[in-house]
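To keep things clear, I will list the structure first and then write my remarks on it.
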Amino acid sequence: MSETLPACPKCASEFTYEMGALLVCPECGHEWQPATAEAGEDASVVRDSVGNVLADGDDVTVVKTLKVKGVQGGIKAGTKVRNIRLVAGVGDHDIDCRIDGIGAMQLKSSVVKKA
């Protein structure tokens, strides 16, 4: 084995081994997935429709026309949205913003592009 396995997060034993997709500690019997720490870091990263990483305060452009209930015409493609905030919104909506002429709303990161 060229790579060393991580120590057990429960008892710090160095005698861990792989069993399928899990890592197992023979001393305390604890089982865990090795990718859980790596997946947690990627879950907090929000990317736009092109793949650029978004951050609070960025300016974005809407890439497709969106229908908005109660607004005639909706949001047209090319509309610039300034000073976004990243939030854990309802469903896939992870951007909180204010759009001129419409007001405060949440958008999906898949329908915007970093400006």
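The structure displayed is predicted, hence computed values, not measured ones. Just so it is clear, the values below take in all heavy atoms, side chains as well, and ignore hydrogens, waters and symmetry mates.
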Practice problem: Can you run down the side chain to side chain donor-acceptor pair (under 3.5 Å) pairs that involve residues 85-95, sequence neighbours left out, and say none if there aren't any? | Solution: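 Output for this query lists Arg85-Asp96, Asp94-Ser109.
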Quiz item: So, do Cys97 and Leu107 sit near enough that their side-chain heavy atoms are less than 4.5 Å apart?
Solution: yes
Quiz item: Can you find a heavy atom in the side chain of Glu31 that is under 4.5 Å from one in the side chain of Leu23?
Solution: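 Answer no - side chains too far apart.
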What are the two closest non-hydrogen atoms of [X] and [Y], and how far apart are they?
X: Leu22; Y: Gln33; value: CD2-CG, 3.5 Å
X: Val62; Y: Lys64; value: CG1-O, 3.1 Å
X: Gly74; Y: Ile102; value: O-CD1, 4.0 Å
X: Trp32; Y: Cys25; value: CZ3-N, 4.1 Å

Short question: side chain of [X], backbone of [Y] - any donor-acceptor pair under 3.5 Å?
X: Thr16; Y: Pro6; answer: yes
X: Ser13; Y: Cys8; answer: no
X: Asp59; Y: Asn83; answer: yes

Quiz item: What's the verdict on side chain to side chain contact (heavy atoms under 4.5 Å, CB included) for Lys114 and Val50, showing C-alpha distance, side-chain angles and the deciding distance?
Solution: CA-CA 8 Å; Lys114 193 170 185 176; Val50 184; over 6 Å; no
Quiz item: Going through the distances and angles, do Val112 and Thr61 end up as a side chain to side chain contact (heavy atoms under 4.5 Å, CB included)?
Solution: CA-CA 5 Å; Val112 298; Thr61 305; over 6 Å; no
Self-check item: Pair Asp48 + Lys113, salt bridge at N-O below 4.0 Å
Solution: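 Looking at Asp48 and Lys113, the cut-off is not met.
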Verify the cluster assignment for [X] and [Y]: are they in a single hydrophobic cluster under the rule of side-chain heavy atoms below 4.5 Å apart?
X: Val63; Y: Met105; result: no
X: Val111; Y: Val68; result: yes
X: Leu5; Y: Phe15; result: no

Exercise. Run through the side-chain heavy atoms of Ile, Leu, Val, Met, Phe, Trp and Tyr, join any pair under 4.5 Å, and report what else lands in Met19's cluster.
Key: Tyr17, Val24
Quiz item: Just wondering, more than 12 heavy atoms not from Glu14 lying within 6.0 Å of its CD?
Solution: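 No - once you tally the heavy atoms of other residues, nucleotides and ligands closer than 6.0 Å, there are 12 at most.
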Quiz item: Given Ile75 and Ile99, is the side chain to side chain contact (heavy atoms under 4.5 Å, CB included) satisfied, shown in steps?
Solution: CA-CA 9 Å; Ile75 303 171; Ile99 299 176; 3.4 Å; yes
Exercise. For Ile95 and Leu86, run side chain to side chain contact (heavy atoms under 4.5 Å, CB included): C-alpha distance rounded to whole Å, both residues' side-chain angles, the deciding distance at 0.1 Å, then the answer.
Key: CA-CA 5 Å; Ile95 296 175; Leu86 301 178; 4.1 Å; yes
